[in-house]
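Please read the structure below before turning to the comments.
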Number of protein chains: 2
Amino acid sequence: MVKNTRNSRPFILDRVTPLFARLGYNGVSMRDLATAVGVTPAALYYHFKNKDELYAEVVNRVFKKKITDATAIMTEDEEPVKRLETFIVWFVRALNKDKDFQKLLQWVMLDNDPKRIQALTTNTFQELFCAIQNLGESFKKQYDPHLLATSIIGLVLYHFESLAVRKKMPGRRAQHDKAETIARHITALLENGLLAH
Amino acid sequence: MVKNTRNSRPFILDRVTPLFARLGYNGVSMRDLATAVGVTPAALYYHFKNKDELYAEVVNRVFKKKITDATAIMTEDEEPVKRLETFIVWFVRALNKDKDFQKLLQWVMLDNDPKRIQALTTNTFQELFCAIQNLGESFKKQYDPHLLATSIIGLVLYHFESLAVRKKMPGRRAQHDKAETIARHITALLENGLLAH
DNA sequence: GTCTATACACAGATAGAC
DNA sequence: GTCTATCTGTGTATAGAC
């Protein structure tokens, strides 16, 4: 029987996600998290076995829906160029809108636990990565699919990963933050390259 | 007067760098670091004011020389295409060879301290970033220099940031780890794009 | 210059009252 | 379902012996 629906699992995850996203697993304590939820640490342990499980649920919840959406886009029955463009626009928008998603993606890449990496890869990323690889193959034989998929993802991601540093750079303008501007730049560069005439 | 030269500052930094690189600032304790050096925590506090200073020195030392080398390459008196290619080869090789450099670069991007970000940006990254921006401008007017510089860096970096996850992906081959292969792929993609005929 | 010993705050986690 | 109280380990950091 639920005594206080405000503090059930989804509510806790909502409150806790931004903290993990900003400071990482080792950057926050159960006390910090409890404070953010508005309860005591003991209450957290009623709902989640330990800190690890809480973190895993946060990451899972944030990624699951996004990746499903993305995979749907990638397997649509469109011509390759169109599919690539749709994906880039979706990816840029998702990263721009959901900062927690973007940050957690960054933290997850630095994780050292082989089990967590394995789980995340096979359960979450694999399907999308393969879809991007397949898309890449439909362009030209000259590019290795694995390397091409990596390049595409990195090209998009880094515009957000580097934000804190780039903000301090000379030549920086407000328009560089707009999702549409970034998406258009990436698409053009990826399709035409630097030396197109 | 130096009693034990084995444990002076450079020696400590050497021993401590891989730990910070692998686990991040919050992932290691002064006890861990002292053990890696082969001394007690108290000895560490004789050489460094606190953990913050130790970390700052590690990051600074690892980045300083690399960035100087890179900036030299970027300001050489060569034609743009050649300069870009040289830079990419250098960058890929540096990331491939020095895993600590690569990992610290990743950790630094997740730092939340405005002071540390500011210091690192102006003292370390700015010069190189501007050089890449300038190089980008010599290609075509159609690409925004700031966005283009970001794209080039991200294109290279992500091949290394994503390594742990990509290792578990189907379609992965040993050649994808070779610096030359990665550099050639990135250069080709960047210059010609996906739709070149 | 490095040690032993230790202070003291804070970490994750649990027991048991309500 | 959430609390108070608390255990135990580990965190950063220092004092003072050698």
Side-chain angles (χ1 to χ4, degrees), chain A residues 1-61 104 107-108 110-113 115-116, chain B residues 1-61 104 107-108 110-113 115-116:
Chain A
M1 201 159 67
V2 178
K3 220 183 192 176
N4 188 347
T5 53
R6 269 187 56 255
N7 295 336
S8 52
R9 283 173 85 101
F11 179 79
I12 294 174
L13 291 172
D14 276 343
R15 292 295 185 106
V16 142
T17 299
L19 280 178
F20 275 129
R22 192 162 359 109
L23 303 161
Y25 182 85
N26 290 316
V28 273
S29 66
M30 289 299 272
R31 284 176 170 78
D32 298 337
L33 299 171
T35 306
V37 175
V39 294
T40 59
L44 250 41
Y45 282 96
Y46 173 80
H47 293 281
F48 300 90
K49 207 178 82 209
N50 53 30
K51 193 183 175 185
D52 265 68
E53 189 189 282
L54 180 52
Y55 181 67
E57 297 249 331
V58 164
V59 171
N60 222 45
R61 208 173 68 126
L104 286 173
W107 285 113
V108 152
L110 281 163
D111 197 344
N112 281 295
D113 188 302
K115 273 185 192 167
R116 272 202 296 264
Chain B
M1 199 162 67
V2 178
K3 221 181 190 178
N4 187 347
T5 52
R6 268 188 57 254
N7 296 335
S8 52
R9 284 172 83 100
F11 179 80
I12 293 173
L13 291 172
D14 276 344
R15 293 295 185 103
V16 142
T17 298
L19 279 178
F20 276 129
R22 194 164 356 111
L23 304 161
Y25 182 86
N26 289 318
V28 274
S29 66
M30 289 300 269
R31 284 197 230 276
D32 298 337
L33 298 170
T35 305
V37 175
V39 295
T40 59
L44 250 40
Y45 281 95
Y46 173 80
H47 292 282
F48 300 90
K49 207 177 83 211
N50 52 31
K51 192 184 176 184
D52 265 68
E53 189 190 283
L54 180 53
Y55 181 67
E57 297 249 331
V58 163
V59 171
N60 222 43
R61 207 173 69 126
L104 285 173
W107 284 114
V108 153
L110 281 163
D111 198 344
N112 282 296
D113 188 302
K115 273 186 192 167
R116 272 203 296 265

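Within every chain, numbering begins at 1; the chains are lettered A, B, ... in the order of the sequence lines, protein sequences first and strands thereafter.
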- Query: Looking at A36(A) and R15(A), what are the two nearest heavy atoms and their distance?
  - Reply: O-NH1, 3.3 Å

Polar-atom pairs under 3.5 Å, protein N or O versus N or O of nucleotides 12-14 of chain D: list them with distances, or write none.
{"unit_1": "dT12(D)", "atom_1": "OP1", "unit_2": "K51(B)", "atom_2": "NZ", "d": "2.8"}
{"unit_1": "dT12(D)", "atom_1": "OP2", "unit_2": "M30(B)", "atom_2": "N", "d": "2.5"}
{"unit_1": "dA13(D)", "atom_1": "OP2", "unit_2": "Y45(B)", "atom_2": "OH", "d": "2.9"}
{"unit_1": "dA13(D)", "atom_1": "OP2", "unit_2": "K51(B)", "atom_2": "N", "d": "3.1"}
{"unit_1": "dA13(D)", "atom_1": "O5'", "unit_2": "Y45(B)", "atom_2": "OH", "d": "3.4"}

- Task: Take atom CG of L44(B) and atom C1' of dC3(C), then tell me their distance rounded to the nearest Å.
- Result: 13 Å

- One should read off an interatomic distance between F20(A) CZ and E57(A) CD, to the nearest 0.5 angstrom, of 11.0 Å

- Query: Could you give the distance from OG1 (T17(B)) to CG (L54(B)), rounded to the nearest 0.5 Å?
  - Reply: 8.5 Å

- Y55(A) atom OH is separated from dA13(C) atom P, nearest whole Å, by 15 Å

- Task: Check the distance between dA15(D)'s P and Y46(B)'s OH and give it to me in whole angstrom.
- Result: 15 Å

- According to a strict under-4.0 Å criterion, is T40(A) in side-chain N/O contact with OP1 or OP2 of dC3(D)? yes

- Round to the nearest Å and state the distance from F48(A) atom CZ to dT14(C) atom C1'. 18 Å

- Item | Check: Y55(A) and V16(A) side chains under 4.5 Å, non-hydrogen atoms | no

- Task: Mind calculating the distance between NE2 (H47(B)) and C1' (dC3(C)) to the nearest angstrom?
- Result: 12 Å

- Query: To the nearest angstrom, how far is L33(A) atom CG from dC10(C) atom P?
  - Reply: 16 Å

- Please state how far atom CG in L54(A) lies from atom P in dA13(C), giving the value in whole angstrom units. 10 Å

- Hey, are N26(A) and Y25(B) close enough side-chain-wise for a donor-acceptor pair under 3.5 Å? no

- Side-chain donor-acceptor contact under 3.5 Å, T35(A) with D32(A): no

